[in-house]
Structure formats: structure tokens, C-alpha cells
Amino acid sequence: MPKKPAAPKGPITLATWNINSIRARLDLMDGFLRQYAPDVLCLQETKVRDDQFPHELFDAHGYTTRLIKGQPGYNGVAIFAKHQVELHEMRALCGRNDCRHISAKLPDGTVLHNYYVPAGGDVPDPVKNDKFAHKLEVVAEMTAWSMELKKKGGKEILVGDLNIAPLETDVWSHKQLLNVVSHTPVETEGMLKMQAARDWVDAVRHFVPAEQKLYSWWSYRSPNWELADKGRRLDHVWVSPQLKGKLKHAQVIKEMRGKEKASDHAPIIVTIDLG
DNA sequence: ATGGTTGGGATCCAA
């Protein structure tokens, strides 16, 4: 009888990936899971209703826990694990039930939050662009929520496509992107406030110095994405301060951006010792 | 200054 395995001893690997439609990328996902087999996998932009989710692939790879929250066409988040984890919460950001958050309680009590922050449209003005206004509201709400978490002081991990590249080295050209949605000062400063509200530790920058360029997303519109390398770091893994010393490794799996039928985002894998 | 690509699900929207 297949039983859900107990929590692994020692470090676990945790992946986050904006997959840009799971049904369009079953082969890509299969290859990724064969090669990297993370213990826990968080997805954003699954773009599929729950009753149409392709469970078989994840079943075949041993993800006995599958927590999904999808809607037709857009958004959609999911958490998979090779061992038992509990659904913790599904937050409706800004009062909209639009499938941008799902969270799970891991065996040691750490709560894992998976977010998909709105991209925010093209015009970086909340008066002229409702989508940008909504993005800023979501960031403000996540900041207030982070402050509440800080009061409780539990162990938390926050991952996802946050659609903001906070540091100058998180974009290919700081100057040229200052007025481009994802790197405007109101967004980058908003993100820093959110980090400060819970003392979130940027798990990827914990290993990659801020002087070094680092991206997780390259637009489909650039025909020569790798050579041009006009990327942005939109995807993040943050941990609450008491987990900082438990971080073992972090890596953007850029190779996945170069595969056939790739997502425009690369996955990130963090190794953390929750034991 | 502009247009470039992709996926979903309808003939356009979101990214």
C-alpha cells in the first residue's frame, strides 16, 4: 500500500516556478522533476480549473500531497509535496477570490506561503491603470499581513512570482527600467517595506551577492533571450529570520528557460534544513 | 518611439 512518507530528515529542497500554464508544459515539467525532484514544489500561473488539473504527472513523480487553487484561463497557484503537508489557508487578496495565494503547514510547523502578485499592466500610474493600482494594493496588503506575522513570530517561508525586481542588479538596466512596471521606485520601495515588516530574509540573495546580476524571467518578446540577457528577477524565496541560519543553498535553474516550449520564468530551488 | 511572443478561450485579454 502506498503510504505518504514521513517528513524527510535533514535538508529539504523547495522549488518555486511560474509555469505559465501547466497543461502547456507537461513535458517541461516532467523533465524538471526527473532532473531535480524537489521535495516541495510551488507553482504560479497554472491557468487551469481544479477539475481539469493534470494530476497524473505529479502522481507519477511521487507528489502525494497536491494542494491546488485554480480558475479558468488566468492565475492559479499550487503546492505539491512528496510527504504529508496540510493545507493552511487560501487568502483572497484585496477581497478578490482570484487564486493568487495558497499556503501549507510543513511537518515541523513552518508555514509555506505561495503568492502570485499581479503583473500590473503596462502603465506605471495607479490613476490611469487599474491593474497597477491593484498591484500596489496587493503589496500594501501583504505588508500589513507581514506585520501581523511578525507579532506572532512563527516560522514562515514566502515564495512566488512577486512581479517586482527590487535591486538594481535584479534587472538588466536599472536606469532603463526605472519607469517600467516591475522596477519603478513605488514598487521596489514597497517591496523593501514588505520585507522590513517581517524581517523577511531574501534566501536567494543570501547566497548571491547584491553586486551580481541575477534574473529569473526573460521576456518571450526578445528573440535572442539568452544572448540579449534582458532579464529581471521577479521570482523570490523569503524566509522568516529564525530560518536564516537553516538555509543551505539557492539557485535559479536558468537552464529551464532554454528548453523547448519553456515558460518565460525559470524555477528557483532553495535547500533548507527545517529539521 | 515602437513592437516584439505566448496561452487561454473566445475572436481579445493578460502577461
Side-chain angles (χ1 to χ4, degrees), chain A residues 16-32 42-54 57 68-78 92-94 96-101 114-126 128-139 159-166 170-173 175-184 186-188 190-191 215-236 252 254 256-268:
Chain A
T16 179
W17 198 0
N18 179 322
I19 195 64
N20 185 19
S21 170
I22 184 57
R23 287 175 297 174
R25 306 203 199 283
L26 292 176
D27 288 346
L28 183 74
M29 182 60 74
D30 186 52
F32 174 71
C42 297
L43 299 180
Q44 304 87 36
E45 278 209 274
T46 52
K47 292 188 176 178
V48 61
R49 289 168 22 189
D50 290 352
D51 63 348
Q52 296 179 345
F53 197 92
L57 176 64
I68 60 174
K69 182 170 168 63
Q71 67 187 83
Y74 309 103
N75 306 336
V77 286
L93 305 175
C94 298
R96 305 187 196 191
N97 189 26
D98 56 2
C99 304
R100 294 181 177 278
H101 171 268
N114 179 16
Y115 276 100
Y116 174 46
V117 171
D122 290 328
V123 180
D125 181 339
K128 294 178 186 160
N129 174 7
D130 289 344
K131 288 187 279 192
F132 193 68
H134 179 222
K135 182 181 195 174
L136 297 182
E137 281 172 37
V138 166
V139 170
V159 309
D161 176 5
L162 305 185
N163 266 316
I164 298 173
D170 290 335
V171 292
W172 64 274
S173 168
K175 281 187 182 172
Q176 285 178 258
L177 287 165
L178 269 172
N179 203 33
V180 173
V181 171
S182 72
H183 193 64
T184 64
V186 67
E187 293 170 273
T188 57
M191 176 166 266
Y215 317 132
S216 66
W217 173 89
W218 293 261
S219 174
Y220 286 130
R221 296 178 192 180
S222 179
N224 211 339
W225 73 274
E226 194 165 21
L227 202 64
D229 202 23
K230 293 186 172 180
R232 305 177 203 170
R233 191 169 71 105
L234 305 179
D235 302 275
H236 300 275
V252 177
K254 186 177 176 182
M256 288 297 145
R257 181 63 181 81
K259 299 284 186 188
E260 197 176 337
K261 282 213 77 179
S263 168
D264 44 356
H265 294 254
I268 295 170

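Below, each value reflects all heavy atoms present in this structure, side chains not excepted, and no hydrogens, waters or symmetry copies. So that the names make sense, note that chain A is the first sequence line, chain B the second, and so on, each numbered from 1.
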Problem - Heavy-atom protein contacts under 4.0 Å, nucleotides 5-15 of chain B, coded B base, S sugar-phosphate only, - none - result: BSSSS---BSB
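- Of the possible polar contacts, none joining the A:Tyr116 side chain to the A:Val77 backbone as a donor-acceptor pair under 3.5 Å is found.
- Taking the C1' atoms as reference points, B:dG7 lies 15 Å from B:dT11, given to the whole Å.
- Remark: side-chain polar atoms of A:Asn114 are paired, donor with acceptor, to backbone N or O of A:Ala78 under 3.5 angstrom.
- When the P atom is compared between B:dG9 and B:dG3, the two are found 28 Å apart, to the nearest whole Å.
- Between the A:Lys135 side chain and the A:Asn163 main chain, a donor and an acceptor come within less than 3.5 Å of each other.
- When every heavy atom of A:Phe132 is checked against every heavy atom of A:Val123, the shortest pair comes out as CB-O, 3.7 Å.
- In this structure, A:Trp218 and A:Trp225 have perpendicular ring planes: the angle between them is above 60°, well past the 30° mark.
- Applying the side-chain hydrogen bond (donor to acceptor under 3.5 Å, both in side chains) rule to A:Ser182 yields the partners A:Arg232; only residues at least two apart in sequence or on another chain are considered.
- With both ends at atom P, the span from B:dC12 to B:dA1 equals 29 Å, rounded to whole Å.
- Comparing B:dA14 with B:dA10, their C1' atoms sit 14 Å apart, to the nearest whole Å.
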